[in-house]
Amino acid sequence: MPGTCIIGLQWGDEAKGKIVDLFTREHDIVVRYQGGANAGHTVVVGGEVYKLSLLPSGVLTPGVTCVIAGGVVMNPAKAIEELDELAARKVQDFDNLLLSDRLHVIFPWHFAEDRAMDRNTSDGENIGTTGRGIGPCYRDKVGRSYAVRLGDMYRDTFPDQVRHIVTEKNRVLASMLPAEEFKPLDADAILREYRAYAERLQPYVTDTTEFLLTAAEKGKRILFEGAQGALLDVDHGTYPFVTSSNSSGVGISNGSGVPGKYIKLVMGVVKAYSTRVGGGPFPTEQDNAIGQRIRDQGNEYGTVTKRPRRCGWLDAVAVRYTARLSGVDSICIMLLDVLSGFDELKICTAYEIDGQRTTVFPSHVDEIRKVKPIYETLAGWQEDLTGARSMEDLPVAAHEYLDRISQLLNLPVELVSVGPDRAQTIPVLAGSSLSV
Ligand code: IMP
């Protein structure tokens, strides 16, 4: 069974990092294939907290090869910072990291454009990007004229390429920014900085598409680590309030180069409630004391940006849609412990739009904005779940909550997470490959 995928089914921050870390030991290779340093992932091992945004969560497991594939956009300074931090904490040496020569590199102009563009959104609501230059870098990738791939940085043409792009970007930024905010980019300074990054990263750079195809053909076990969540998918999410890559299951092959025939198991990661960071519609949002309570109990603040996350009830309409879209086989239900202490819990089971009931997730943002969620109310529980280690340790109401989610999604529950540590995980599915 070569390919397993882990996909967030909401708006990101579903605690995928923990799941990837748990399943990494069953695999030879872990692959990040889309997004960039906008994707904060937290992994807790033996009480030690590791916060990563670019390197795959798999780097915490020795003996596993970690790949950052061609579909990722990379800020090289961030990659080096995370490598240095893990080396300082003696996690492991990094002979086993591979960076695709096809991946696109984020440059200072991308940060400047991200800040300028987000402020300029026309319909009054900002996307609220993470400001990491992700969208502008993907835009240049598709536009091709001003893009730099990692492999380009080792070519004699690199200085001319940067000088040409800087001339053009200075023109664009001057037109986007108020005069007092515009600081022209200095091509020579950028070249010095990026040559140093290129030198430092050179040992890791390779053709990861060829590496992964060969590995898949040989039956190596590959774990694909999705970033963000499927509702932020650029094609199938709550467009335009999305990220700029395919963060649902549809992105695995285009980002990694590994065809779907090698992907045998897709696990969907679902928070026991919903959160969203940044702008955009969020039908089950609780902009009230309930939302604040979830935020407090779940410490719902962004890993990357530290922004308070918007919180609300679980939306089974949205998650059923993203699970189908991503070809999910089983689900991991995360942060169940956060819901302790509520007298009752709600799950959105259908939408009302213009007086019509539907269970179809709308394709247009204007329809999503009109949604009135139809809720089912379930009993809550008062017990602290963080010490639960098996299903028998969970109260009846928690069982009923999990069963209802499984029923609504028509998917089996693979595991339940009741805290950040590896140990705070309850395997559920008989025959699960998880060994906690
Ligand atoms: P960008 O990816 O920085 O362009 O941001 C676009 C939208 O995606 C914003 O609403 C961000 O808050 C959201 N976003 C991007 N990455 C993540 C993530 O890893 N978790 C949650 N939201 C994210």
Side-chain angles (χ1 to χ4, degrees), residues 6-20 32-43 51-57 68 71-75 78 82 104 106 109-121 123-142 225-248 251 255 269-271 273-282 285 295 298-312 318 322 334-335 365 368-369:
I6 291 171
I7 304 286
L9 297 183
Q10 292 150 307
W11 283 283
D13 309 313
E14 298 93 350
K16 292 177 295 296
K18 170 172 170 170
I19 301 300
V20 172
R32 262 207 70 182
Y33 53 88
Q34 44 77 223
N38 48 353
H41 33 290
T42 307
V43 184
K51 285 190 187 291
L52 303 169
S53 58
L54 188 61
L55 298 182
S57 307
I68 302 190
V72 170
V73 290
M74 184 182 76
N75 172 357
K78 193 73 193 155
E82 292 188 6
H104 282 249
I106 297 180
W109 50 83
H110 294 129
F111 298 113
E113 286 174 10
D114 211 353
R115 283 191 297 271
M117 283 298 283
D118 212 20
R119 189 180 43 197
N120 289 351
T121 6
D123 79 340
E125 189 176 2
N126 281 1
I127 294 172
T129 76
T130 56
R132 299 295 189 268
I134 309 295
C137 188
Y138 276 117
R139 194 164 55 233
D140 281 339
K141 167 180 167 168
V142 177
E225 171 176 350
Q228 289 91 35
L231 290 167
L232 289 171
D233 188 288
V234 65
D235 290 307
H236 305 285
T238 52
Y239 193 87
F241 298 95
V242 291
T243 192
S244 32
S245 62
N246 286 118
S247 52
S248 72
V269 187
V270 186
K271 236 175 213 184
Y273 46 93
S274 307
T275 61
R276 175 160 207 173
V277 204
F282 178 0
E285 180 169 19
R295 187 176 305 115
N299 189 26
E300 290 292 356
Y301 295 87
T303 313
V304 172
T305 59
K306 314 287 180 241
R307 288 179 287 182
R309 295 182 184 138
R310 301 157 63 191
C311 297
T322 52
M334 312 304 289
L335 293 127
V365 68
I368 308 173
R369 280 185 173 129

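FYI, side chains are in, hydrogens and waters are out, and symmetry mates aren't considered; it's all heavy atoms of this structure. Counting convention: from 1, in listed order, for ligands and their atoms alike.
Ranking protein heavy atoms by distance to atom 17 (C) of ligand 1, first place goes to Q228 CG, 3.4 Å. Scanning the protein for heavy atoms near atom 6 (C) of ligand 1, the closest one is V242 O, 3.4 Å. Scanning the protein for heavy atoms near atom 19 (O) of ligand 1, the closest one is N38 O, 3.1 Å. The closest protein non-hydrogen atom to atom 5 (O) of ligand 1 is T129 CA, 3.3 Å. For atom 2 (O) of ligand 1, the closest non-hydrogen atom on the protein side is T243 OG1, 2.6 Å.
Applying the 4.0 Å criterion to heavy atoms of W11 picks out, from ligand 1, the atoms 21 (C), 22 (N). Short contacts between ligand 1 and L232, defined as distances under 4.0 Å to a heavy atom of the residue, involve ligand atoms 8 (O), 13 (C), 14 (N), 22 (N), 23 (C). Heavy-atom contacts of D13 reach the following atoms of ligand 1: 20 (N), 21 (C) (cutoff under 4.0 Å). Near T130, meaning under 4.0 Å from one of its heavy atoms, ligand 1 places the atoms 1 (P), 3 (O), 5 (O), 15 (C).
The environment of OH in Y239 is sparse: at most 12 heavy-atom neighbours from other residues, nucleotides or ligands sit within 6.0 Å.
When A227, G278, G128, G280 are checked for heavy-atom proximity to atom 11 (C) of ligand 1, G128 turns out nearest.
At least one side-chain heavy atom of P281 sits under 4.5 Å from a side-chain heavy atom of V365. Looking only at side-chain heavy atoms (C-beta outward), R309 and V277 come within less than 4.5 Å of each other.
In this model, no donor atom of one side chain and acceptor atom of the other lie less than 3.5 Å apart for T130 and N38. A donor and an acceptor atom, one from each side chain of E82 and S53, are located under 3.5 Å apart. Under the 3.5 Å distance criterion, with hydrogens and angles disregarded, a donor-acceptor pair is assigned to the side chains of S245 and Q34. Side-chain polar atoms of T275 and D13 form no donor-acceptor pair below 3.5 angstrom.
Between I127 and ligand 1, at least one pair of N/O atoms sits closer than 3.5 Å. Checked by distance only, ligand 1 and V277 come closer than 3.5 Å through their nitrogen or oxygen atoms. Not one N or O of R132 is nearer than 3.5 Å to an N or O of ligand 1, by distance alone.
Contacts with ligand 1 closer than 4.0 Å are made by no heavy atom of R276, backbone or side chain.
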Side chain to side chain contact (heavy atoms under 4.5 Å, CB included) between N75 and H110, intermediate numbers included: CA-CA 10 Å; N75 172 357; H110 294 129; over 6 Å; no

Worked check of side chain to side chain contact (heavy atoms under 4.5 Å, CB included) between L54 and V72: CA-CA 9 Å; L54 188 61; V72 170; 4.2 Å; yes

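Within the structure, the closest approach of R309 to ligand 1 does not fall below 4.0 Å when heavy atoms are considered.
To the nearest 0.5 Å, atom CG of residue D235 and atom CG of residue N246 are 4.5 Å apart.
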